[in-house]
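Any value given below was found using the heavy atoms of this structure, including those in side chains, with hydrogens, waters and symmetry copies removed. Each chain gets a letter, A, B and so on, in the order the sequences are listed, and its residues count up from 1.
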Amino acid sequence: MKQYWLMKSEPTEVSIDDLMAAPGQTMPWFGVRNYQARNFMRDGMREGDGVLFYHSSCAQPGVVGVAEVASTAYPDHSQFDKNSHYFDPKATQEQPRWVSVDVRGLKRTALLPLSELRQMPALEDMLLLKKGSRLSIAPVTPAQWKAIQARLAD
DNA sequence: GCCAACGTTGGC
DNA sequence: GCCAACGTTGGC
């Protein structure tokens, strides 16, 4: 059963344009250091799942593209890299803590701003929009996905 | 296991 | 830069 997700990225780190410019429009999604978000990747994500690509911590936060999950979870290489911002001294090759998945960009869309998402009745219960929600990866229901796709197609 | 202190996220 | 909300850490 195909599932849907929303994945946040700061455009100064990885933007939708960066993703679309990558070889095969595919990039490893690394640097997630939150257990709940990790568990979504590890336990929930399967190849072919739908992804809303979201720009956060920027002037105009919102959905900027559609992507898909292109691999199941595997150990996030950056946790072992001493020079990485994402290095985790408690992670070992034998017992990795953090995972990555590959994400393949499908299309860039016109910005669907957070302010408009908040006004869509179909998204009332969306995890992203809950007060205080900071998860960088959140599940999206089929109904929410449908509503957003319809709006993106406008 | 509790909880205060601290760090991070992310919209504004 | 501010600040609310949440997660993590570590002393006890």
Side-chain angles (χ1 to χ4, degrees), chain A residues 3-22 27-45 49-69 72-141 143-145 147-152 154:
Chain A
Q3 300 201 80
Y4 302 100
W5 310 93
L6 181 140
M7 300 176 83
K8 292 184 194 174
S9 182
E10 300 186 18
T12 53
E13 299 295 323
V14 179
S15 71
I16 183 68
D17 290 333
D18 295 333
L19 179 63
M20 296 311 288
M27 295 182 68
W29 201 273
F30 63 92
V32 171
R33 294 295 181 269
N34 169 282
Y35 289 105
Q36 218 180 329
R38 178 202 68 183
N39 293 347
F40 284 139
M41 284 200 287
R42 188 189 62 192
D43 306 331
M45 286 192 182
D49 280 3
V51 173
L52 297 168
F53 195 103
Y54 180 96
H55 279 175
S56 68
S57 292
C58 59
Q60 294 186 300
V63 174
V64 292
V66 179
E68 65 180 4
V69 175
T72 48
Y74 56 88
D76 178 340
H77 301 304
S78 66
Q79 70 192 303
F80 309 124
D81 178 0
K82 281 210 171 74
N83 298 318
S84 170
H85 173 65
Y86 298 111
F87 176 68
D88 183 345
K90 292 180 183 160
T92 63
Q93 295 282 347
E94 294 72 31
Q95 291 210 309
R97 282 191 161 192
W98 308 109
V99 300
S100 292
V101 298
D102 291 340
V103 173
R104 179 182 303 120
L106 297 178
K107 63 172 179 182
R108 191 188 206 291
T109 66
L111 172 74
L112 176 50
L114 176 60
S115 56
E116 285 187 32
L117 296 174
R118 289 198 187 283
Q119 289 168 24
M120 293 171 60
L123 305 183
E124 207 175 1
D125 295 325
M126 196 169 173
L127 201 53
L128 170 82
L129 306 178
K130 297 272 187 203
K131 189 169 132 185
S133 171
R134 301 178 315 175
L135 276 177
S136 62
I137 296 177
V140 174
T141 67
Q144 292 163 355
W145 176 267
I148 290 171
Q149 292 299 319
R151 180 59 79 91
L152 290 174
D154 277 352

Open item on the list: Any residue in residues 53-67 of chain A with a heavy atom nearer than 4.0 angstrom to DNA chain B? Just list them by number, or reply none.
Closed with: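 Residues of residues 53-67 of chain A that come under 4.0 Å of DNA chain B are, in numerical order, Y54(A), S56(A), S57(A), P61(A).
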
TODO: May I ask you to decide if the ring planes of W5(A) and F40(A) are parallel, tilted or perpendicular, using 30° and 60° as cut-offs?
DONE: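 Answer is tilted, since the angle falls between 30° and 60°.
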
TODO: Using the six-membered ring wherever Trp is involved, compare the ring planes of Y74(A) and H77(A) and label them parallel, tilted or perpendicular (cut-offs 30° and 60°).
DONE: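 Y74(A) vs H77(A) ring planes: tilted.
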
TODO: Could you tell me the separation between the NZ atom of K130(A) and the C1' atom of dG11(B), rounded to a whole number of Å?
DONE: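 Computing the K130(A):NZ to dG11(B):C1' distance gives 18 Å.
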
Open item on the list: Measure CD/E13(A) against P/dG10(B) and give the value in whole Å, please.
Closed with: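 My rounded result for the distance is 12 Å.
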
Tabulate protein N/O versus nucleotide N/O from nucleotides 7-9 of chain C, keeping only pairs under 3.5 Å, one per line.
from   : atom 1 : to      : atom 2 : distance (Å)
dG7(C) : O4'    : R134(A) : NH2    : 3.3

Open item on the list: Whether K131(A) contacts dA4(C) is assessed here as follows: a side-chain N or O lying under 4.0 Å from the phosphate OP1 or OP2. Is that the case?
Closed with: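 It does not, given that no N or O in the side chain of K131(A) lies less than 4.0 Å from OP1 or OP2 of dA4(C).
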
Within this structure, what is the [atom1]-[atom2] distance for the pair [X] and [Y], rounded to the nearest 0.5 Å?
X: E13(A); Y: H85(A); atom1: CD; atom2: NE2; result: 7.5 Å
X: R134(A); Y: Q36(A); atom1: CZ; atom2: CD; result: 11.0 Å
X: E116(A); Y: R151(A); atom1: CD; atom2: CZ; result: 5.5 Å

Task: Residue pair Y54(A) / V63(A), side-chain heavy-atom distance below 4.5 Å - done: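 Yes, at least one pair of side-chain atoms sits under 4.5 Å.
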
Task: Check: W98(A) main-chain N/O paired with Q79(A) side-chain donor or acceptor under 3.5 Å - done: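 Pair found, side chain donor or acceptor close to backbone of W98(A).
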
Task: With D88(A) via salt bridge (Lys or Arg N to Asp or Glu O under 4.0 Å) - residues at least two apart - done: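 D88(A): salt bridge (Lys or Arg N to Asp or Glu O under 4.0 Å) contacts with R97(A).
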
